[in-house]
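The structure appears right after this line, and notes come after that.
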Amino acid sequence: MHALVRNVLLGTFGAALFIVTTGAQTSSILGPPSEANHFIETPKGWVHPKTAWGDPDLEGTYPIPAGINLVRTCPRAGGPGRGGPGGAPAAPAPPAVPCDPANPPAWLTEEEFQARQKALLQPDAATTALEAGNFGRALLSGVTDPQTLVRQRSTIMDPPNGQLPELTAEGKRRSALMKSSWALPGEVQSWDAPEDFDSWDRCITRGMPTSMMAYRYNNGIKIFQAPGTVVLSLEMIHEDRIIYTDGRPPLKPVHKHYMGEPRGRWEGNTLVVETTNYREGPSGTNLGVYGTPAGIPGANRWPVSDQMKTTERFTRLNADTVLYEMRVEDPVVMTRPYTVRFPLRKDETYEWWEYACHEGNRTIRDYITTSRFERAQGSKGAVQTPVAPPAK
């Protein structure tokens, strides 16, 4: 499907042509650096490129930025460092003033920003192994996609304190029934069937909204366009989100999909994508997403109902940057919506690694076989499950 979509878009319609327009910018976020545009400037005189058929041009490769916490926390003591999934935040240097854990500041200070910039220039063990050509050691050392220097402390920008909303009583009930190989600290798990794992474990799908959140690798997104169509090709789980912008209505609610039924429209030069018709099953987030604290109830197994709706906005700020926003609503599961927002920087040098994971691979079978063996051996053979599984 990926190859077909790519061939149709590139072969039939050709590469997009950059056509300069003279119309005034319609979005209020364009202009000098500010909180509204995440301190990313739109140069004076810059005009949005257009495709050959006149739509705003968004085509390119835009990796989801790694290293930004999902939820906002106060900086850890000890200075800046590289963060990662599994509840390990990418924390900058300690603040000069006390931080309220219930309402951490949304943006880094200039001092913190400079410290984080310096820290990201230092190679870690995985980068060193990659440069030496030792890919196995790099993966075991926690190889990550290149981290992006940003000023925000979390991808969640609403609620204003940068936290996930509370689960409803029904959300908590559903969360308790969910299963996954992503274990909470101290949790001992057992597996007997494929259904004891989540859809990401089984290489079926990450679902939404998780597919638009950063893991430690395979964060690439490629945007293709054709008249009346935008395609978001995802490196992780090799899925393609086909978004129609020709005004057609969504399918009836009886048609449900893990990635939902998206419909797009243009508001000026901003692409707005509303997605409904979600199929229940995948987790809305888990410990694999950067900066998801293990202590938040349900954060490791966050249910998604068929009433969930996501609204995404893609606003190009300049030649290299798109500001991405996603509002997530699910009244069955959450007490209120939340919104993530972060910049996507165009990078045509990004290395698109094959995500060689499919439902028939041996990892699930090996987990089940090992779990049964450990239980058969009793306490002598029992092994506590690690926080992050070795294979994803």
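All figures in this text were calculated on a predicted structure; none of them were measured in a lab.
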What distance separates [X] [atom1] from [Y] [atom2], expressed to the nearest 0.5 Å?
X      : Y      : atom1 : atom2 : value
Met236 : Tyr217 : CE    : OH    : 6.0 Å
Arg72  : Ser154 : CZ    : OG    : 4.0 Å
Leu164 : Leu70  : CG    : CG    : 5.0 Å
Ile68  : Thr148 : CD1   : OG1   : 6.5 Å
Lys346 : Asp320 : NZ    : CG    : 7.5 Å
Tyr367 : Thr370 : OH    : OG1   : 9.0 Å

Pairs satisfying side-chain hydrogen bond (donor to acceptor under 3.5 Å, both in side chains), at least one member in residues 332-342, at least two apart = Asp158-Arg336, Glu325-Arg341
Would a distance-only check, ignoring hydrogens and angles, find a side-chain to backbone donor-acceptor pair under 3.5 Å from [X] to [Y]?
X      : Y      : value
Asn277 : Lys252 : yes
Asn218 : Trp353 : yes
Glu280 : Asp306 : yes
Thr210 : Gly284 : yes
Gln117 : Leu149 : no
Thr168 : Val332 : yes
His38  : Gln152 : no
Arg316 : Asp57  : yes

ask   = Is NZ or CZ of Arg202 both nearer than 6.0 Å to the six-membered ring centre of Phe197 and within 45° of the ring axis?
value = no
Taking the side chain as every heavy atom from C-beta outward, state whether [X] and [Y] have any atom pair closer than 4.5 Å.
X      : Y      : value
Ile368 : Asp196 : no
Arg206 : Ser199 : no
Asp347 : Thr61  : no

Aromatic plane relationship, Trp46 with His48 - under 30° parallel, 30 to 60° tilted, over 60° perpendicular = tilted
task = Fit a plane to each ring of Tyr215 and Trp200, take the angle between them on a 0 to 90° scale, and name the class: parallel (under 30°), tilted (30 to 60°) or perpendicular (over 60°).
result = perpendicular
key: salt bridge (Lys or Arg N to Asp or Glu O under 4.0 Å) partners of residues 30-41, not counting sequence neighbours, each pair once   = none
key: Remaining members of the apolar cluster that contains Leu251, side-chain heavy atoms under 4.5 Å   = none
Side-chain cluster (under 4.5 Å, hydrophobic types only) that Tyr258 belongs to, other residues = Ile204
Salt bridge (charged side-chain N to carboxylate O under 4.0 Å, His left out) partners of Arg365, counting only residues at least two apart = none
Atom of [X], atom of [Y] and distance for their closest heavy-atom approach:
X      : Y      : value
Ile221 : Met212 : CD1-CE, 3.5 Å
Ser283 : Val304 : C-CG2, 4.4 Å
Ala214 : Asn219 : CA-OD1, 3.4 Å
Ala183 : Leu287 : O-CD1, 3.6 Å
Arg372 : Trp191 : CG-O, 4.3 Å
Ser211 : Gly207 : OG-O, 2.6 Å

Could you check whether [X] pairs with [Y] (Lys NZ or Arg NE/NH1/NH2 to Asp/Glu carboxylate O, under 4.0 Å)?
X      : Y      : value
Glu274 : Arg265 : yes
Arg313 : Glu267 : yes
Glu112 : Arg116 : no

request  = Using the side-chain hydrogen bond (donor to acceptor under 3.5 Å, both in side chains) rule, take Thr51 and Trp53 through it: C-alpha gap first, then chi angles, then the decisive distance, then the call.
outcome  = CA-CA 5 Å; Thr51 64; Trp53 52 92; 3.2 Å; yes
remark   = Sequence neighbours excluded, the answer for ring pair (Phe, Tyr, Trp, His ring centres under 6.0 Å) partners of Tyr350 is none
ask   = Given the rule in the salt bridge (charged side-chain N to carboxylate O under 4.0 Å, His left out) test, do Asp246 and Arg248 qualify, once you have shown the distances and angles that lead to the verdict?
value = CA-CA 6 Å; Asp246 57 4; Arg248 72 182 68 185; 2.8 Å; yes
task = Kindly check if the number of other-residue, nucleotide or ligand heavy atoms within 6.0 Å of CD (Glu351) is above 12?
result = no
query = So Phe314 and Leu232, side-chain contact (heavy atoms from CB on, under 4.5 Å) or not? Walk me through it.
reply = CA-CA 12 Å; Phe314 297 78; Leu232 304 181; 3.7 Å; yes
inquiry  = Pair Glu261, Thr276 - check side-chain hydrogen bond (donor to acceptor under 3.5 Å, both in side chains), show working.
reply    = CA-CA 5 Å; Glu261 178 69 11; Thr276 55; over 6 Å; no
inquiry  = Asp201 vs Ser181, test: side-chain hydrogen bond (donor to acceptor under 3.5 Å, both in side chains). Steps then yes/no.
reply    = CA-CA 7 Å; Asp201 293 329; Ser181 70; 2.6 Å; yes
ask   = Are Tyr324 and Glu312 close enough, and set up right, to give a side-chain hydrogen bond (donor to acceptor under 3.5 Å, both in side chains), and what steps lead you there?
value = CA-CA 7 Å; Tyr324 173 73; Glu312 300 163 276; 2.6 Å; yes
task = Assess whether side-chain contact (heavy atoms from CB on, under 4.5 Å) is satisfied between Met259 and Thr275, documenting all intermediate values.
result = CA-CA 8 Å; Met259 299 296 285; Thr275 307; over 6 Å; no
